[in-house]
Amino acid sequence: MTRLPEEEHPNKAFGWAARDSSGVLSPFNFSRRATGEKDVAFKVLYCGICHSDLHMVKNEWGSSVYPLVPGHEVVGEVTEVGNKVQNFKVGDRVGVGCMVGSCRSCDSCKDNLENYCPKMVLTYGAKNYDGTITYGGYSDTMVADEHFIVRIPDNLPLDAAAPLLCAGITVYSPLRYYGLDKPGLHIGVVGLGGLGHVAVKFAKAMGSKVTVISTSPNKKKEALENLGVDSFLVSRDQDQLQAANGTLDGIIDTVSAQHPVLPLLGLLKSHGKLVLVGAPEKPLELPAFPLLQGRKLVGGSMIGGMKETQEMIDFAAKHDVKPDIEVIAMDYVNTAMERLVKADVKYRFVIDIGKTLKTTW
Amino acid sequence: MSKSSEGEKQQKAFGWAATDESGTLSPFHFSRRENGDEDVTIKILYCGVCHSDLHSLTNEWGFTSYPVVPGHEIVGVATKVGKNVTKFKAGDRVGVGVMVGSCKTCECCQQDLENYCSQIIFTYNSHNPDGTKNYGGYSDMIVVDQRYVLRFPDNLPLDAGAPLLCAGITVYSPMKYYGMTEAGKHLGVAGLGGLGHVAVKIAKAFGLKVTVISSSPQKESEAINRLGADSFLASSDPAKMKSAIGSMDCIIDTVSAVHPLFPLLSLLKVNGKLVTLGLPNKPLELPVFPLVSGRKLVGGSDFGGMKETQEMLDFCAKHNIAADIELIRIDEINTAMERLARSDVRFRFVIDVANSLSQ
C-alpha cells in the first residue's frame with residue numbers, strides 16, 4: 001500500500017511539484033526522512049532552475065514519476081547534523097547538487113566518480129535505497145548524507161552559487177578531464193545559456209582565450225562586453241565558421257538539441273577535443289575523415305564526483321566565478337519555465353526559496 | 001621534399017594502375033623523378049594490399065585522380081641514395097608507408113607527427129608542389145625523401161613485414177596515444193582483417209587482455225588459437241555481447257564499412273575509449289547518451305609519424321610480429337581485390353612485386 005507523500009517520512013516538508021506532464025508546478029505537501037547519523041539537514045534558501053528540471057517536469061525523457069519536485073542546484077543553511085557527521089555543523093552554508101546517493105563501493109565510487117556509479121541516486125525523481133522517491137530543492141528543507149553535501153565558501157553569495165552545483169560542475173569537470181584547463185589554450189563554447197556562460201567564466205579563469213559559437217546573433221554584444229568572451233561565431237554563418245577553422249584546442253558543447261558535428265570538428269586544431277555535455281535524443285552524424293585526419297576526438301561528460309564538485313566550488317570562490325542569475329519568487333516558477341523554453345534568461349533563474357516559498361501549514 | 005627545379009629529369013617506371021572507377025588494374029608505364037640530394041631510390045620487392053587501395057581504385061571517397069597506382073605498404077632495397085642522405089646506403093632493406101612528403105616546418109612536423117601535417121603528401125593519388133603526380137607501390141621502383149623512408153629490421157620477413165607499414169602503425173599508434181600499453185588492461189579489437197589481426201598480435205606483446213569482436217563467428221578459432229586473443233565476441237550474438245558490457249578499457253575499431261557504434265560503446269567501461277580507424281564514405285551514427293553517461297569518447301587516428309613508425313617496426317622485430325599474409329603475383333591483383341571486397345583473405349594480400357612484375 002503506497003503511503004501519501006506527507007506520511008512517508010517523519011519530518012513535514014513543503015515545496016512545489018509538477019503533477020503531470022503539463023509540467024505546471026503548484027504547492028505540494030510531502031515529508032523528509034529524520035536526520036540520520038550521517039545526514040546533514042538544511043533550510044533551503046535558494047534553488048537554481050536547470051533545463052533538466054524542465055525536461056523532467058514535462059516527462060520529456062519518459063522517466064518522470066509524479067508528483068515531481070525538481071531542483072538540483074540547492075543551497076541553504078544547516079539546521080541539524082547527525083551524530084556521526086564530521087565536516088559540517090549547524091549554521092554552515094551548504095549545497096546539494098544532482099545526486100544524493102551512490103553505492104560507495106564500486107570502482108567509480110572509489111575513484112571519487114560517484115556520478116558514474118551504476119547505482120547513483122538522483123536528487124529528485126529517483127528511487128532511493130529505502131524505496132521512496134527523492135524530492136528536489138524547490139522546497140523548504142533538504143536532507144542528505146554528508147558525503148553528498150558541499151560547503152559554500154563565505155565569499156560566494158548563496159544565490160549565485162546555486163547554479164554551480166549542476167551547471168558549474170557539468171562544465172568544470174570536462175575542462176579538467178580533457179586537459180582543456182591549461183593557460184593559453186583556445187576554447188570554444190557552443191551555446192550561451194546556463195551551462196555555456198559558466199563555461200566561459202571558468203575557461204577565462206583558467207587562462208584560456210574563449211570563442212562562443214551560438215545560433216543567436218543577439219547574444220554577441222553581451223558576450224563580448226559583459227562576459228569577456230574573445231570572439232563570437234554565429235553558427236549558421238558558414239563563412240564565419242570556416243574562417244575560424246583549425247583554431248580551437250577544445251570545445252565544450254552545451255547544446256542538447258540536434259545539431260551538426262562536422263562544422264565543430266572543423267573548428268578544432270589537430271588533436272582537438274569536442275566535448276558534449278548536452279545529450280541530443282537522436283544520434284549525431286559523425287564523419288570519419290575529419291576525426292582521423294586530425295586525430296580528433298568526441299567525448300562526453302556528466303556532472304562530476306563529489307570531490308571535484310567541492311574543488312570546483314572552491315575554485316569559483318577563489319577566482320570570482322559567479323553565474324549570472326535572475327532571482328525569482330516561487331510563484332513565478334511556471335512563467336520562468338515558459339521563458340526557459342524560449343531561452344529567455346540571462347543566464348539562469350534562481351528561486352528565492354527562503355523569502356518566497358510560503359508554507360501552507 | 002627535395003627541391004624540384006622546373007624541367008626536372010624524370011626516369012621510367014612501370015607498375016599496374018586503374019584508369020577508371022571500375023578499379024580494374026592493368027600494366028602501366030609512367031615516370032618518377034630522378035634521385036635528388038635527399039632521396040632514396042628503392043627497388044620494390046613486396047607491396048601489401050590495403051583496403052584503402054580498394055577504396056581509392058573505385059573512387060569510393062570521390063577524390064581519386066586516374067590513372068592511380070595504389071600501394072602504401074612498400075618494402076624493398078635501396079639502390080641509390082642522394083648526397084645528403086645519411087640514414088641509408090645502397091643495399092639497405094627499407095620500407096615506405098602511407099606518406100612521402102610534408103611541410104617539415106609546422107608544429108605537427110616538428111613533433112614527429114608528419115601524418116597530421118596539413119600539407120601531407122600521400123604515397124599515391126597525390127600531387128607534389130611542382131605539380132607532378134605520385135604513384136604507389138604496385139610498381140617496380142620508387143624515389144622517396146629520406147625522411148619518409150623506414151629502416152626495415154633484419155629479422156623481420158620482408159613479405160610478411162610489408163603490411164606493418166600501414167596496418168601495423170595504424171593500430172600501434174592509437175594504442176600508445178590512448179595509454180593501452182599497460183599490461184593487464186583490456187583491449188577490444190573490432191574487425192579481424194588486415195588491421196585487426198595485427199592489432200591482436202601487438203596488443204598481446206604489450207601484455208594486454210584482448211577480446212576480438214567480429215561479425216564473422218567462423219573466425220573465432222583463429223582468433224583464439226592462432227592469434228592468441230583471450231576471448232571472442234560474435235557481434236551478432238546479443239547474449240554474448242550483453243555479458244561483456246562495461247568490460248573494456250579501449251576498443252580499436254578496424255571495421256572499414258559503416259557500422260553501429262552503440263554496441264561497441266556499451267562494451268566500454270566508464271572513461272572507455274573507442275578508437276575508430278576505418279574510413280567509410282558515409283558518416284557513422286554517434287549516439288550521445290552513452291558518451292555522456294559514461295564519460296566515454298570516440299577518437300580517430302590516422303597511421304603514424306615517421307619516428308613512431310620506425311619504433312613500431314623495431315617493436316615488431318623484437319617481438320617477432322609480422323602479418324599473416326597470402327602472397328600473390330601482380331597478375332592476380334584483380335581477383336585479390338574482389339576477394340578483399342568480400343573479406344576473403346587471412347589476413348592481408350601481399351604482392352610479390354620483384355618476382356612477378358615484368359614489362
Side-chain angles (χ1 to χ4, degrees), chain A residues 61 106-109 111 113-118 120 170 173-174 176-178 245-246 253-262 265 268-305, chain B residues 52 61-63 106-109 111 113 115-118 120 122 170 173-174 177-178 245-246 253 255-262 265 269-305:
Chain A
W61 291 331
C106 68
D107 283 341
S108 290
C109 285
D111 284 339
L113 294 171
E114 300 89 347
N115 47 324
Y116 299 113
C117 168
M120 184 263 283
T170 297
S173 186
R176 291 279 189 219
Y177 180 66
Y178 289 100
N245 265 0
D253 184 351
T254 72
V255 174
S256 51
Q258 277 323 104
H259 59 290
V261 158
L262 179 61
L265 289 176
L268 291 172
K269 295 177 184 174
S270 74
H271 299 84
K273 299 155 187 168
L274 171 58
V275 186
L276 307 173
V277 294
E281 254 181 64
K282 295 199 183 40
L284 298 177
E285 261 192 18
L286 182 66
F289 270 88
L291 207 62
L292 268 69
Q293 288 182 327
R295 196 156 62 172
K296 299 176 182 178
L297 66 85
V298 181
S301 186
M302 185 175 74
I303 48 175
Chain B
S52 300
W61 293 327
F63 57 79
C106 69
E107 233 181 284
C108 287
C109 285
Q111 289 172 9
L113 294 169
N115 51 324
Y116 298 114
C117 172
S118 59
I120 188 175
F122 294 110
T170 297
S173 186
Y177 187 61
Y178 287 103
I245 280 179
D253 183 357
V255 176
S256 55
V258 170
H259 58 288
L261 295 184
F262 182 80
L265 289 171
K269 296 176 183 173
V270 167
N271 297 328
K273 295 147 183 152
L274 174 60
V275 188
T276 179
L277 303 174
L279 284 168
N281 58 351
K282 290 199 170 46
L284 297 165
E285 256 190 19
L286 179 68
V288 179
F289 190 70
L291 293 189
V292 168
S293 63
R295 197 159 65 175
K296 298 176 185 178
L297 66 86
V298 178
S301 187
D302 207 11
F303 60 108

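Chain A is the first sequence line, chain B the second, and so forth, proteins listed ahead of strands; every chain is numbered from 1.
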Query - Approximate separation, where rounding is to 0.5 Å, of A/His271 NE2 and B/Gln111 CD - result: 7.5 Å
Report summary line: Between the CG atom in A/Leu291 and the CG atom in B/Leu284, the distance rounded to the nearest 0.5 Å is 8.5 Å
Report task. Output the option from A/Ser301, A/Ala288, A/Ser270 having the highest count of non-hydrogen pairs under 4.5 Å with chain B. Result -> A/Ser301
Requested in this report: Could you tell me which portion of B/Leu277 (side chain, backbone, both or neither) has an atom closer than 4.5 angstrom to a non-hydrogen atom of chain A?
Outcome: backbone
Query raised in the report: So which part of B/Val298 gets closer than 4.5 Å to some heavy atom of chain A, the side chain, the backbone, both or neither?
Result: both
Report task. Enter the distance from A/Leu297:CG to B/Tyr177:OH here, rounded to the nearest 0.5 Å. Result -> 6.5 Å
Query raised in the report: Between atom CZ of B/Arg295 and atom OH of A/Tyr178, what is the distance when rounded to the nearest 0.5 Å?
Result: 7.0 Å
Query raised in the report: So which of B/Leu261, B/Ile120, B/Asn271, B/Asn115 has the biggest tally of heavy-atom pairs under 4.5 Å with chain A?
Result: B/Asn271
**Report entry** Contact winner vs chain B - A/Val277, A/Val275, A/Leu276, heavy-atom pairs under 4.5 Å
**Finding:** A/Leu276
Query raised in the report: Picking from B/Val288, B/Leu291, B/Val292, which has the most non-hydrogen pairs under 4.5 angstrom with chain A?
Result: B/Val292
Requested in this report: Heavy-atom pairs under 4.5 Å with chain A are the metric here; pick the option from B/Val258, B/Val270, B/Leu274 that has the most.
Outcome: B/Val270
**Report entry** A/Ile303 side, atom CD1; B/Ser293 side, atom OG - distance, nearest 0.5 Å
**Finding:** 11.0 Å
Report task. Heavy-atom distances under 4.5 Å only: say whether A/Ser108 touches chain B with side chain, backbone, both or neither. Result -> side chain
Query raised in the report: Considering residues, nucleotides and ligands other than B/Phe289, do more than 12 of their heavy atoms fall under 6.0 Å from its CZ?
Result: no
Query raised in the report: With a cut-off of 6.0 Å (strictly less than), are more than 12 heavy atoms of other residues, nucleotides or ligands near CD of A/Gln258?
Result: yes
Query - Contacting moiety of A/Leu262, where chain B heavy atoms sit under 4.5 Å - result: neither
Requested in this report: For A/Asp107, look at atom CG and say whether over 12 heavy atoms of other residues, nucleotides or ligands are found less than 6.0 Å away.
Outcome: no
Query raised in the report: Hey, which of B/Thr170, B/Leu279, B/Val275 is the one that makes side chain to side chain contact (heavy atoms under 4.5 Å, CB included) with A/Leu292?
Result: B/Leu279
Query - Leading residue by heavy atom contact count with chain B [cutoff under 4.5 Å; candidates A/Gln293, A/Met302, A/Arg295] - result: A/Arg295
Report summary line: NZ of A/Lys269 to SG of B/Cys108, rounded to nearest 0.5 Å, is 10.5 Å
